[in-house]
Number of protein chains: 2
Amino acid sequence: MYTIGHVARAASCKVQTIRYYEQIGLLPVAPRSEGNRRLYAQADIDRLMFIRHARELGFALDAIRDLLSLSDDPNQPCVAADAIARRQLDEVERRIARLGSLKTELMRMIDQCRGGRISDCRVIEVLSNHAHCMADDHRPTEAKP
Amino acid sequence: MYTIGHVARAASCKVQTIRYYEQIGLLPVAPRSEGNRRLYAQADIDRLMFIRHARELGFALDAIRDLLSLSDDPNQPCVAADAIARRQLDEVERRIARLGSLKTELMRMIDQCRGGRISDCRVIEVLSNHAHCMADDHRPTEAKP
DNA sequence: CTTGCTTCTACAGCTACTGTAGATGTTATA
DNA sequence: TATAACATCTACAGTAGCTGTAGAAGCAAG
């Protein structure tokens, strides 16, 4: 069993964040020691690391809850799990595509820098461009309410 | 010239968000019409779309400010621009790598779903695993303060 | 046993928005 | 041209997701 400080270091997050996740139900309520300290197992560390990575990738806590439910309830009917997985996969692919465009542009800039000055930075163009945007709600065919 | 509502629809964001970005200096102070309405040009829309995409990809406003400075000041010495671009490129690559792992796992789950039930979901394992984590601050060799 | 670190609860503060109220501008329809 | 419907304005409060701080209590080392 690990203390909250150990868990926080393992997942590179703040102690308060762990308590916050417990409070909102993303992490299970931790059992306590004699002296009232929270105690964690390796599975809790894994779960927390998953949450932190997903957060760093820009997923909302609700989306993460969604993903966690896949492993929390491995016997749920496939229709539900499949829907969740597909929904998240779409999102992941959109993100990879946009990051790819940004990466290309950043590499081009770094490469160009060898010449002395960056006179035609297209960093905005790259990520504002519809052609590079895979998100449904940004495509000209659809308008949001 | 476009109204704020038009710009908000073009970038799929809220009108208030645009005013907020102006307030914190991410967007230039918009010129006003006779009737005191903000007026925007295409360049403003592009800039806003860049910001929104970057935000969706999980970049903090400070990092976005960083990236925007690359195109705001195209004649700045290459040393500075290169540092910014490299810093952001590293981050982008880390994100792509982690999203790639998540994508693989989601695809595996969707594929497996054809069999009926998901009995061995490894979605947590994938994103909590150190082997898949490219971030310096998560590698066992280093500990954060 | 006391110095120093960790953890506890509780709550205030921060970032990045998002919503609401009430006033005013603008436009479509009668 | 009047008036209803909608967009925009300012100002400020509220939300999500943390992050910091205060003050008390637990615990380990010297």
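D:dA7 atom P lies 13 Å from atom CD of B:Q16, rounded to whole Å. For A:D62 and D:dC18, the CG to P distance is 12 Å, given to the nearest whole Å. For the pair A:L26 CG and D:dC18 P, the computed distance is 9 Å after rounding to whole Å. Nucleotide C:dT6 holds its P atom 17 Å from the CG atom of A:L39, rounded to whole Å. Atom pair A:Y40:OH and C:dC8:C1' shows a separation of 12 Å (rounding to whole Å applied). Residue A:R38 contributes atom CZ, which lies 4 Å from atom P of C:dT9 at whole-angstrom precision.
In this model, the phosphate group of D:dC18 is not approached by any side-chain N or O of A:K14 to a distance below 4.0 Å at OP1 or OP2. For A:R37, no side-chain nitrogen or oxygen approaches OP1 or OP2 of C:dT9 to under 4.0 Å. Note on A:T17: every side-chain N or O is 4.0 Å or more away from OP1 and OP2 of D:dG17. Contact between the side-chain N/O atoms of B:T3 and the OP1/OP2 oxygens of D:dT8 is found at a separation under 4.0 Å. Note on B:R19: a side-chain N or O is less than 4.0 Å away from OP1 or OP2 of D:dC9. The phosphate of C:dC17 (OP1 or OP2) has a side-chain N or O of B:Y21 nearer than 4.0 angstrom. Under 4.0 angstrom from either OP1 or OP2 of C:dG25 there lies no side-chain N or O belonging to B:R32.
Here D:dG17 is the nucleotide among D:dG17, C:dT24, C:dT7 with the atom lying nearest to any side-chain atom of A:Y20. Closest contact between the side chain of B:R52 and the listed nucleotides D:dT21, D:dC9, C:dC17 involves C:dC17.
Within 4.0 Å (heavy atoms only), A:R55 reaches sugar-phosphate atoms of the nucleic acid but no base atom.
Residues A:I45 and A:F50 have side chains not in contact (no heavy-atom distance under 4.5 Å, counting atoms from C-beta outward).
Side chain of B:R65 to main chain of B:S69: no donor-acceptor pair is present (N/O by atom type, distance under 3.5 Å, no hydrogens or angles). Between the side chain of B:T104 and the backbone N or O of B:G100, at least one donor-acceptor pair lies under 3.5 Å. Looking only at distances, a side-chain donor or acceptor of A:D44 sits under 3.5 Å from a matching main-chain atom of A:A41.
Looking at B:R47 and B:Y21, their side chains never bring a donor and an acceptor atom within 3.5 Å of each other.
Both B:E34 and B:L61 sit near DNA chain C, but only B:L61 has its closest nucleotide nearer the 5' end.
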